[in-house]
Amino acid sequence: MSPYLIVPRKGHDISRRQISPHALVTLYRLRDNGFIAYLVGGCVRDLLLKRPPKDFDVATDATPGQIKRLFRNCRLVGRRFRLAHLHFKDEIIEVSTFRAAAPPEEEDEDLEAEGRGEVPPHRRRHLKDEEGMVLRDNVFGTPEEDALRRDFTINSLAYNIADLTVIDYTGGLRDLRERVIRPIGDPEVRFREDPVRMLRAVRFAASLDFTIEPAAWEALCRLSPAIVRASPARLYEEIQKLFLYGSARRVFDLMDRSGLLEALFPRLGPWLREDPRHRQEIQTNLEGIDDLFRNGTPASPALLLAALFGRELEARTVAVSRGEGIPHQQALDRVCNEALKEIARTVAVTSRSGDGLRRILSSQPALRRMPPRRPAAVAARGEFADALAYLRFKALAGEEYRVPLAWWEAFLSGVPPERIPLPAREGTAEGKDKVRKRRRRRRRGKPKGRAQQGEASPAVPGGEGSAP
Ligand code: ATP
Ligand code: MG
C-alpha cells in the first residue's frame, strides 16, 4: 500500500452545496446501508478547480446487485464492466463498484495455456457477480486499486461522504495545484493500454489550461500513430468532446504538434505542409467554433468537419472540376465521398454529419453569388445556419468573403434584398461588364448546363466555380 493523503474538510473547498442533490442522496443511501461511498473522477477534480462538473460519478464497495436492490431507479448497464445508472428526473448518477486494473487481454488464456492450472479468482477475466452476470476483463478491487486504474492523477481523487474528506492516492492534489496532466504510472504503458488516453490528455490540457508532464508528452508524441488502434466509434465520440466544448483551437495545436492530428486525419498532413496559411485558416475556423460555444450556440459536428476539412475539400474540388472538366457540384460530391470514406477508416463520423458537411460546402457558391438568387429559399434550407457560419469563418481569414457575408447579415436583419448595397468591386463598370460577358458566353455555348454552372460559378471574382 502506498502512503496516501487524506485532506480533512477544513483543508479543502468542496462544499455539499456544490454537489448535485441526486448525487448526495445516492452517497448517503449507500453509506447508511454500510457501504463505502465516494464521489470520484472528473467531478472531484472540477469541484476543486471551482468549475461546474459535467456529471457526478459515485464509486462504492457495493456490488452492482447490491446497488440495484438499494435503488428502484437503477439500471445496470455495460458489458465489460457492469455499472449502475440511477435515473433521476433530469440526471443520471453513475455508480460503479471499486475495481482493479484490467489484466492485459490475453493474460489468463496465456496462464492456462502455459499449463499453470486454474487461474486464481482475482486474475480471471470471466467473473460473475451474484446475479450470474459476466464481468468481462475486470475484477472488483479496493478503493486504492480503483484510483490507480484511472488515467491521470487529477482524475483519481475521491471525496468521502462519510467524513467529507478528500482522498488522494496518486498526488492528484499536487498536480491540480501545479496544473499538470500526469498519467498514473508509466505514461508509455498507460497510453499503450488505451490509446484514447492520449486524446484525453490533450483534452484536459486544453480545456483546463494545464500542461502535459514532459515525460508523458514525449511518450504521447512517440506513440501518437497508435491512436488509430482505438475503435472508430470511440474516436468519433472523443473528437466531439475535444473540439465542441470551447477549446478547439488549443486542442488543434496540441494535436498538430504531437502528431495525433495527422495520425487520425492523414489528409491534413500534406495540406498543412503545403502552405502556412492553411494552418492559420483552420485555426481561425476553430476559434470561430470556440466562439459559438462561448455564445451558448455550440457548433454542430457537421460544421466542425467543415472547419477542419472544408478548405482542403474546396481546393480539391476546384482542381478536380477544372482538371476533368466536370461541374463543380459533381466534383464536390466525389471529393467529399472520397474524403469521408477515408476518414471513416479511423473515425466513425456519422452519415448525418457527413451529409451535413457536403451540404455546407455545396451551399457556398449560392451564398457567394452577388446578388443571391432567391435568398429567402436559400435561407430556408436546413443547412443554411451552418453554411453561413462557415462563410463567417472564412470571412475572418479572407477579404473576399466579407461582402457576401455582410449581404446575408443585412438580409437576415430584415433589410429588403433590393435595398442591400451590392459589393463595390462588382458595382464598378468593369466588374459588371465581366459578369455580363461571362454569362452571355455561357448562354450561347451550353444552354442546358447553365443552372448547374451558375450554381458552381459565383459571380465573385476568383470564385470556386469550374471556370471554362
Ligand atoms: P469530463 O469532465 O469530460 O466528464 P471526466 O474526467 O469525468 O471528464 P469521464 O470520461 O466522465 O471523464 O470519466 C470519468 C472518470 O473515469 C475519469 O475522471 C477517470 O478517472 C476515469 N476514466 C475515464 N476514461 C478513462 C480511461 N480511458 N482510462 C482510465 N481511466 C479513465
Ligand atoms: Mg465525467
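For ligands, and for the atoms within them, numbers begin at 1 and follow the listed sequence.
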Side chains of T170 and S156: donor-acceptor distance under 3.5 Å anywhere?
yes

To the nearest 0.5 Å, atom CG of L49 lies from atom CD1 of I154 at 7.0 Å

Working to the nearest 0.5 Å, report the span between OG of S362 and CD of Q329.
4.5 Å

Heteroatoms of the protein, restricted to N/O/S, which lie under 2.8 Å from the Mg ion (ligand 2):
D55 OD1

Name the residue from R273, R279, R277 that meets the salt bridge (charged side-chain N to carboxylate O under 4.0 Å, His left out) definition with D275.
R277

Determine whether the aromatic ring centres of Y38 and F98 lie less than 6.0 Å apart.
yes

Taking the ring centre of each residue, are F309 and F265 less than 6.0 Å apart?
yes

Using heavy atoms and a cut-off under 4.0 Å, could you grab the residues that are in contact with ligand 1, chain by chain, numbers ascending?
G41, G42, R45, D46, K54, D55, D57, R149, R150, D151, N155, D194, R197, R200, R203, F204, R234

May I ask you to say whether [X] pairs ionically with [Y], meaning some side-chain N is under 4.0 Å from a carboxylate O?
{"X": "R368", "Y": "E400", "value": "no"}
{"X": "R250", "Y": "D290", "value": "no"}
{"X": "R190", "Y": "E193", "value": "yes"}

